[in-house]
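Sequential numbering from 1 along the given sequence is applied to the chain's residues.
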Amino acid sequence: NNETGQKGARLWKLEDMGYNVPKFNIIEFDLIKNWISRTDALKLISEYFKESLKNTDLEHLAHKYHEKIKEELKKNISKEIKKWFNKNLHKLNFPISIRSSANIEDSINSNMAGVFTTIINVEKENFVQAAIEVIASLFKEEVLLNYKDSIPKLKQSLVLQEMVLKPKFSGTIFLKSINDPNTIVI
């Protein structure tokens, strides 16, 4: 989906099809892009790329810049996130999970499974900090080191979903076999 990423779009589709989906809400791409644009995060990314050309310890450098970006987000968008939270999350029961839903993950071309952060069992008191952690995962070390060509195109939404505290079962379903696209693997 153009505004939510694949996770968000698939949740809406499952809900529309009548499946029992734990209640959720989504902070869409444009709002997060707007929040990030109010910070120096993109300036820090630019500095990171310049510095990475002359630095041999790229892992340390990527970690340093990820931490700087996280602090920048915390300092400059915490109030905006809190305002959004107060206006939009009264319909969800806590604890919730906060999951990334980026435009370049879970697609035919790239799954990026596990690259971006998910935080589970988030309570109201730690919602803002958890949301910042997930947003900052757009710029975490693995992304800076391995997906730098994708960074200019990156968009992220957040999927906020009630936790299922005592499920009868859980798991992952793979819909296509890697070896044979005509075979469904569970």
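Rounded to the nearest 0.5 Å, atoms CG (Leu138) and CG (Leu144) are 10.0 Å apart. Here CG of Leu73 is found 10.5 Å from CD of Gln129. Values are rounded to the nearest 0.5 Å. Taken to the nearest 0.5 Å, the CG atom of Asn34 stands 13.0 Å off from the CD atom of Glu28. Separation of atoms CD1 (Ile96) and CZ (Phe24) is listed at 13.0 Å; rounding is to 0.5 Å. Between the CD1 atom in Ile32 and the CG atom in Leu158 there is a gap of 3.5 Å [rounded to 0.5 Å]. Rounded to the nearest 0.5 Å, atoms NZ (Lys153) and CD1 (Ile151) are 11.0 Å apart.
Looking at heavy atoms from C-beta onward, Asn146 lies out of side-chain contact with Val115 at the 4.5 angstrom threshold. Side-chain atoms of Phe49 and Ile45, non-hydrogen and from C-beta on, do get closer than 4.5 Å to each other. Contact check for Ile26 versus Leu11: no side-chain heavy atoms found under the 4.5 Å cut-off. When side chains are defined from C-beta on, Trp35 counts as touching Ile81, because their heavy atoms get closer than 4.5 Å.
Within the 3.5 Å criterion, the main-chain N or O of Ile132 finds no donor-acceptor partner in the side chain of Lys74. Remark: side-chain polar atoms of Lys7 are paired, donor with acceptor, to backbone N or O of Ser100 under 3.5 angstrom. Using modelled atom types, no side-chain atom of Asn86 and backbone atom of Lys83 make a donor-acceptor pair closer than 3.5 Å. For Gln161 (side chain) and Pro22 (main-chain N/O), a donor-acceptor pair under 3.5 Å exists by modelled atom type. With hydrogens and angles disregarded, a donor-acceptor distance shorter than 3.5 Å links the side chain of Asn25 to the backbone of Asn88. Checking side-chain atoms of Glu72 against main-chain N and O of Asp40 turns up a donor-acceptor pair under 3.5 Å. Under a 3.5 Å cut-off, the side chain of Thr4 and the backbone N or O of Ala9 do form a donor-acceptor pair. Checked by atom type and distance alone, the side chain of Ser137 never pairs as donor or acceptor with a backbone atom of Phe116 at under 3.5 Å. The closest donor-acceptor contact from the side chain of Asn103 to the backbone of Lys155 lies under 3.5 Å.
The hydrophobic clustering, which links ILVMFWY residues whose side-chain heavy atoms are closer than 4.5 Å, places Met163 and Phe94 apart. Linking ILVMFWY side-chain heavy atoms closer than 4.5 Å, directly or via other members, places Ile120 and Ile27 in two distinct hydrophobic clusters. A single hydrophobic cluster is not seen to contain both Leu160 and Leu165; linkage of ILVMFWY side chains at heavy-atom distances under 4.5 Å, directly or through other members, places them apart.
Taking the ring centre of Phe127 as origin, the terminal cationic atom of Lys124 falls outside the region bounded by 6.0 Å and 45° from the ring axis.
Remark: Lys13 NZ is loosely packed, at most 12 non-hydrogen atoms of other residues, nucleotides or ligands lying under 6.0 Å away.
Residues Val134 and Arg99 come closest through the heavy atom pair CG1-C, 4.1 Å. Residues His66 and Lys140 share a closest heavy-atom pair of CD2-CA, 3.2 Å. Residue Gly5 comes nearest to Ser157 through the heavy atom pair N-OG, 4.3 Å, listed as atom of the first residue, atom of the second, then distance. For the residue pair Ile69 and Ala41, the shortest heavy atom distance occurs at CG2-CB, 4.0 Å. Taking every heavy atom of both residues into account, Gly8 and Ser101 meet most closely at N-OG, 3.4 Å. Asn93 and Glu162 get closest at one heavy-atom pair: N-OE2, 2.8 Å.
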Criterion side-chain contact (heavy atoms from CB on, under 4.5 Å) on Ile119 and Asn126, from CA distance to verdict | CA-CA 11 Å; Ile119 300 179; Asn126 62 342; over 6 Å; no
What do the steps show when you test Trp84 against Leu89 for side-chain contact (heavy atoms from CB on, under 4.5 Å), and what is the final call?
-> CA-CA 8 Å; Trp84 186 93; Leu89 281 189; 3.7 Å; yes
Kindly determine whether Trp12 and Val21 satisfy side-chain contact (heavy atoms from CB on, under 4.5 Å), including the steps that lead there.
-> CA-CA 9 Å; Trp12 269 324; Val21 177; over 6 Å; no
Please test Leu61 against Tyr65 for side-chain contact (heavy atoms from CB on, under 4.5 Å), starting from the C-alpha separation and ending with a verdict.
-> CA-CA 6 Å; Leu61 185 67; Tyr65 272 89; 3.6 Å; yes
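Here salt bridge (Lys or Arg N to Asp or Glu O under 4.0 Å) pairs that include residues 55-67, with residues two or more places apart or in two chains, are Glu51-Lys64, Glu67-Lys70.
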